[in-house]
Number of protein chains: 2
Amino acid sequence: MLKKNVNINDLATRLGLSKGSVSRILNDPQAPFAPETRRRVMALAAELEYRPNAIARALATGQTGSVAFWIRDLAVAYNAHVAQAFETQIEAAGYHLFIRLYGGGEGKPFPQMTPENADGIVTHGAPPHGWTVMAQSDSRRVPLVLTGAILDPEALDWVGVDFYGVSRTAVEHLLASGRRRVALLTPSHQCDDRRLAYLEVMAEADLAPEVIETDGESRSAVRRSLAEYIAAHGHPEAMFCHNDDAAIAASRVLVDLGLRIPDDVALIGCDGIEDIEYLTTPLSTIVLPIDEMCALAWRYLKRRMQEPDAPPQRITLQPTLALRASSGVS
Amino acid sequence: MLKKNVNINDLATRLGLSKGSVSRILNDPQAPFAPETRRRVMALAAELEYRPNAIARALATGQTGSVAFWIRDLAVAYNAHVAQAFETQIEAAGYHLFIRLYGGGEGKPFPQMTPENADGIVTHGAPPHGWTVMAQSDSRRVPLVLTGAILDPEALDWVGVDFYGVSRTAVEHLLASGRRRVALLTPSHQCDDRRLAYLEVMAEADLAPEVIETDGESRSAVRRSLAEYIAAHGHPEAMFCHNDDAAIAASRVLVDLGLRIPDDVALIGCDGIEDIEYLTTPLSTIVLPIDEMCALAWRYLKRRMQEPDAPPQRITLQPTLALRASSGVS
DNA sequence: CTGTTAGCGCGTTCAA
DNA sequence: TTGAACGCGCTAACAG
């Protein structure tokens with residue numbers, strides 16, 4: 001804002017050319033211009049460090065060359081990994097990525113207006129009020145792809161992850177070891193397939209469900225909530241955790257109490273983040289196909305940007321259960 | 001792009017008003033208009049779900065209402081925390097944050113053009129080639145604040161962190177326990193105050209320095225490099241680690257080898273991320289003042305946006321050494 | 001109280 | 001091979 005940026009008009013007047021000619025020479029290598037003219041233009045542009053104003057260009061072309069990635073919270077390690085993975089996808093295509101946070105910890109809603117006016121949006125792990133995006137997308141029609149646990153299959157492009165089957169397997173695995181007091185560790189009000197599968201398997205086994213709800217999703221919040229819970233109710237024999245961060249926090253609580261994993265309490269996490277390899281007791285977990293999910297999301301988004309009226313694109317990916325020492329595998 | 005977005009012209013024609021009037025009513029609650037007119041405008045805007053085109057607005061006003069945060073790599077947990085902390089700062093001021101990645105793991109340079117044309121930029125942990133930003137900033141003059149370990153004090157606004165003094169203290173602390181084979185664990189080619197302080201303290205103590213260079217910054221890279229190193233050279237009695245991720249990776253390597261922390265190898269990390277509270281042996285570390293750093297960066301940036309010609313704003317913050325069990329504190 | 005006009009910086013027709 | 005003019009959607013200054 002200080003020194004006025006050189007713009008295409010400055011170049012044109014200095015060169016004795018018209019604005020339009022300069023623009024075409026700069027943007028279209030095929031444009032029919034005298035080599036000498038072309039050379040002069042390029043030289044002056046370089047000398048003056050001319051950089052086209054991206055906003056004006058976006059206004060004129062209707063494209064920004066950027067994609068927005070909306071995510072809830074970078075403090076959850078898994079989210080940061082997904083963001084990074086998606087960046088890898090689109091940078092190869094020459095697009096820029098903006099990461100936007102839509103809920104700094106708690107209930108901040110989606111931004112009403114997206115100042116970036118990205119050419120497309122990918123959201124990950126959208127909460128219920130995330131569906132405001134749908135409404136927005138309906139009037140503005142920004143290409144949008146949802147990823148993660150999909151709650152609503154209607155009228156959108158998405159790359160979903162099916163937590164149901166693998167969650168059942170996880171809980172069944174914990175029960176198979178003979179443990180009967182198997183709990184679910186999850187944020188309060190979180191009601192997804194992980195919880196559903198857990199409740200069903202417990203019911204089928206004629207066991208009372210034990211849902212330990214945490215007051216927040218951060219490790220410290222989980223740690224606090226779980227410590228209080230155990231102080232009040234004693235510890236379960238096994239825990240199926242909502243994500244790996246919760247499982248990591250749980251390990252800390254258990255170790256602090258002198259409890260052994262898996263002997264006293266077995267643990268299974270979810271997400272498959274790298275961090276769990278650094279725990280003393282390797283953590284069993286549900287591994288999500290992050291790279292595949294991001295690759296598909298990007299493919300869908302590209303298609304939607306090119307063909308706004310293409311039919312809905314949807315896929316459901318299956319995570320895999322990785323059994324390690326924390327759930328009693330030798 | 002599908003359905004044409006309603007724009008301010010649509011509103012104006014439907015209302016029988018001029019574009020300018022609609023604009024003023026929408027943006028300026030104080031503008032002198034008949035209450036009835038105002039009501040009609042607001043009603044139609046709501047009904048049609050009118051959303052101003054942010055790009056056109058930005059072009060007209062010269063402001064975007066957004067700030068870009070450039071960071072190297074979200075896979076390093078500390079970076080994700082800083083991004084999150086900075087977001088907290090600016091959202092309070094009503095600004096939007098874009099997180100941009102400038103080096104997906106390795107040497108990708110800064111984006112030449114910033115498509116977001118943010119009103120300001122904050123970078124964190126800029127590498128040497130990050131100084132291209134300076135050049136860019138010199139011709140375009142986007143308000144810019146650097147944070148983290150500052151290499152070059154010239155002609156910029158920055159919130160620096162002084163690693164030198166605290167690093168000396170850390171190394172001296174390791175030596176004070178009688179350990180003599182004290183190593184530095186750092187990425188290769190990383191040459192900052194941590195390394196400098198380490199080398200000086202070792203020299204002053206008449207000890208041979210032992211720099212263990214890792215081939216990359218990720219936990220897995222550190223893990224691999226360190227394992228190979230120890231296989232070849234045996235293990236040192238203590239390690240001063242470049243950051244907490246490196247320390248966490250080191251713990252894993254040591255545990256796998258059956259070595260005890262701190263009895264066989266003492267460890268001190270750097271950054272003070274939350275993750276280290278979840279290791280079996282609490283990790284000694286250098287705690288960086290993340291919140292203070294972000295708050296100051298935002299204050300400096302605001303000032304620079306308001307007064308482009310304000311004098312340089314600079315401060316150097318002091319981290320603190322948090323001693324825990326990993327370095328032999330009882 | 002409201003309408004008109006002139007840009008913001010660029011790409012992109014159409015002519016010449 | 002080049003120039004002139006228009007439009008993207010909006011804000012702002014000046015009329016009336």
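Convention: sequence-line order gives letters A, B, ...; per-chain numbering from 1.
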_Nucleotide D:dT2, atom P - distance to CZ of A:Phe33 in whole Å_ = 6 Å
_Among residues at least two apart in sequence or on other chains, which ones pass side-chain contact (heavy atoms from CB on, under 4.5 Å) with A:Ala60?_
none
*On the 0 to 90° scale, with breaks at 30° and 60°, tag the B:Phe86-B:Trp298 ring pair as parallel, tilted or perpendicular.*
perpendicular
*asked:* If the condition is ring-ring contact (aromatic ring centres under 6.0 Å, His included), which residues does B:Phe33 pass it with, not counting sequence neighbours?
replied: none
Every protein N/O lying under 3.5 Å from an N/O of nucleotides 10-14 of chain C:
residue	atom	partner	partner atom	Å
C:dC10	OP1	A:Tyr50	OH	3.0
C:dC10	OP1	A:Asn53	N	3.1
C:dC10	OP2	A:Ile8	N	2.5
C:dC10	N4	A:Lys19	NZ	2.6
C:dG11	OP1	A:Asn27	ND2	2.9
C:dG11	OP1	A:Arg57	NE	3.0
C:dG11	OP1	A:Arg57	NH2	2.9
C:dG11	OP2	A:Ser23	OG	2.9
C:dG11	OP2	A:Asn27	ND2	3.2

*How long is the line joining CD1 of A:Ile55 and C1' of D:dC10, in whole Å?*
12 Å
*Please list, chain by chain and in numerical order, all residues satisfying ring-ring contact (aromatic ring centres under 6.0 Å, His included) with B:Tyr300, sequence neighbours excluded.*
none
_Most 5' of B:Ile25 and B:Leu59 on DNA chain C, judged by nearest nucleotide_ = B:Ile25
*Within this structure, what is the CG-to-P distance between A:Leu26 and D:dT2, rounded to whole angstrom?*
14 Å
*To the nearest angstrom, how far is B:Leu17 atom CG from D:dG16 atom P?*
20 Å
*asked:* So B:Ile55 and A:Thr64, do their side chains get closer than 4.5 Å, heavy atoms only?
replied: yes
_Test of understanding: with ring-ring contact (aromatic ring centres under 6.0 Å, His included), list the residues that count as partners of A:Tyr78, not counting sequence neighbours._
A:His124
*Considering the terminal five base pairs at each end of the helix from C:dC1-D:dG16 to C:dA16-D:dT1, what angle separates the two local helix axes, rounded to 10°?*
50°
*For A:Arg303, which residues count as a side-chain hydrogen bond (donor to acceptor under 3.5 Å, both in side chains) partner, sequence neighbours excluded?*
A:Glu307
*Sequence neighbours left out, what passes side-chain hydrogen bond (donor to acceptor under 3.5 Å, both in side chains) with A:Thr316? Give chain and number order.*
none
_Stretch residues 34-42 of chain B: residues that reach within less than 4.0 Å of DNA chain C through a heavy atom_ = B:Ala34, B:Thr37
*asked:* Under the rule for side-chain hydrogen bond (donor to acceptor under 3.5 Å, both in side chains), what residues qualify as partners of B:Glu36, not counting sequence neighbours?
replied: B:Arg39
*Who are the side-chain hydrogen bond (donor to acceptor under 3.5 Å, both in side chains) partners of B:Arg299, not counting sequence neighbours?*
none
*asked:* Applying salt bridge (charged side-chain N to carboxylate O under 4.0 Å, His left out) as the test, list every pair that has at least one member in residues 13-26 of chain B; sequence neighbours left out.
replied: none
*B:Asp28 CG to C:dC1 P: how many Å, rounded?*
14 Å
